[in-house]
Amino acid sequence: MKILVFSDSHGNPKNIADNIRVHKNAGGVDHIFFLGDGVRDFLSAMEEFPEIPYNYVFGNCDFGMTAPAEMKGKIYESPVEIGGKKFLIMHGHRLDVKTTYQRAADYGIGLGADILLFGHTHQAEDITIDGSDSGHIRMINPGSCAKGLYPTYACIEIVGGQAVCGFGRA
């Protein structure tokens, strides 16, 4: 199972669509997550790929957008179970990930997530954080797929029950 993860496109739907197209033509894409700050870009890009299921959340820069009814209050975060893994997707601004990951890690652990996907910092990374009280959680940030010096996205493959993450240049 191949999952693409994008965040922080900030007005650049082309990078999203171009990279989905590459992966689709090289074997397929099973699911896509978008982690906010460019929901309009993401939805515009997804018009080309109506067959690929996706989930998205809003970021702090997604002004004036109305969430569809199916989001049922899951505007800034959403739990999603795919490929035997429990993902918690969020932008991260509401848990202040630019200052510390601990609050987000503790929150994800408390919700029983295996992997927390977040954006907001524009830094691609794949780390594991110990909880304040117990447990640990894997946290993956795809970075920013916007125009810039190093635009990135994440590609997660579920292989033998394990999530293998790599990063691509958007």
Side-chain angles (χ1 to χ4, degrees), residues 1-72 74-94 97-98 104 113 115-127 138-159 163-170:
M1 165 163 283
K2 184 185 284 187
I3 303 165
L4 299 181
V5 186
F6 298 94
S7 188
D8 296 275
S9 57
H10 296 288
N12 189 11
K14 185 178 183 317
N15 279 356
I16 298 169
D18 287 350
N19 285 287
I20 294 170
R21 199 174 304 110
V22 166
H23 284 275
K24 183 179 173 190
N25 293 336
V29 176
D30 298 300
H31 202 91
I32 301 171
F33 290 123
F34 185 79
L35 307 178
D37 278 5
V39 168
R40 282 185 183 91
D41 305 334
F42 176 68
L43 295 176
S44 172
M46 289 308 295
E47 289 176 7
E48 184 180 339
F49 311 100
E51 74 284 3
I52 302 174
Y54 62 83
N55 295 84
Y56 67 92
V57 291
F58 288 79
N60 57 300
C61 293
D62 290 313
F63 314 115
M65 293 197 65
T66 303
E70 64 267 17
M71 288 183 86
K72 296 182 181 122
K74 298 173 183 167
I75 296 172
Y76 296 111
E77 65 183 61
S78 182
V80 181
E81 199 162 332
I82 297 175
K85 294 292 179 190
K86 295 176 186 175
F87 291 90
L88 176 60
I89 65 170
M90 67 171 58
H91 186 62
H93 65 292
R94 296 176 67 130
V97 295
K98 283 189 177 179
I115 301 170
L116 186 143
L117 301 176
F118 70 105
H120 193 54
T121 68
H122 296 203
Q123 300 295 315
E125 58 188 323
D126 178 1
I127 57 175
R138 186 170 181 187
M139 296 176 64
I140 299 173
N141 186 330
S144 169
C145 64
K147 297 174 187 171
L149 189 57
Y150 298 107
T152 59
Y153 66 97
C155 178
I156 300 171
E157 292 195 60
I158 308 294
V159 180
V164 179
C165 178
F167 296 99
R169 292 286 298 270

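- Residues passing the side chain to side chain donor-acceptor pair (under 3.5 Å) test with N15: none are found, sequence neighbours excluded.
- Evaluation of the side chain to side chain donor-acceptor pair (under 3.5 Å) rule for D18 yields K14, R21 as partners, not counting sequence neighbours.
- Residues satisfying the side chain to side chain donor-acceptor pair (under 3.5 Å) test with H93, not counting sequence neighbours, are none.
- Ring centroids of H23 and F49 are separated by 6.0 Å or more, keeping the two rings apart.
- Two residues are said to be in side-chain contact when any heavy atoms from C-beta on lie closer than 4.5 Å; Y54 and L43 meet this criterion.
- Closest of all the heavy-atom pairs between I52 and I20 is CD1-CG2, 3.9 Å.
- Looking at residues two or more places apart in sequence or on another chain, you find no ring pair (Phe, Tyr, Trp, His ring centres under 6.0 Å) involving F167.
- F58 is listed as a side-chain neighbour of M65, based on a closest heavy-atom distance under 4.5 Å.
- A distance of 6.0 Å or more separates the ring centres of F34 and F6.
- Residues K24 and E51 are in side-chain contact: their nearest non-hydrogen atoms beyond the backbone lie under 4.5 Å apart.
- Between D30 and I82, every side-chain heavy-atom pair lies at or beyond the 4.5 Å cut-off.
- Listed by chain and residue number, Y56, E70, M71 satisfy the side-chain contact (heavy atoms from CB on, under 4.5 Å) test with P68 (two or more places apart in sequence, or in another chain).
- Nearest heavy-atom pair across L4 and N19 is CD1-O, 4.3 Å.
- For the residue pair N55/H31, the side-chain donor-acceptor check at 3.5 Å is satisfied.
- In K2, the NZ atom is crowded: over 12 heavy atoms of neighbouring residues, nucleotides or ligands sit closer than 6.0 Å.
- When every heavy atom of D37 is checked against every heavy atom of D62, the shortest pair comes out as N-OD2, 2.8 Å.
- Across every non-hydrogen atom of L88 and E77, the tightest pair is CD1-CB, 4.4 Å.
- Every side chain to side chain donor-acceptor pair (under 3.5 Å) that E125 has, sequence neighbours left out, goes to Y101.
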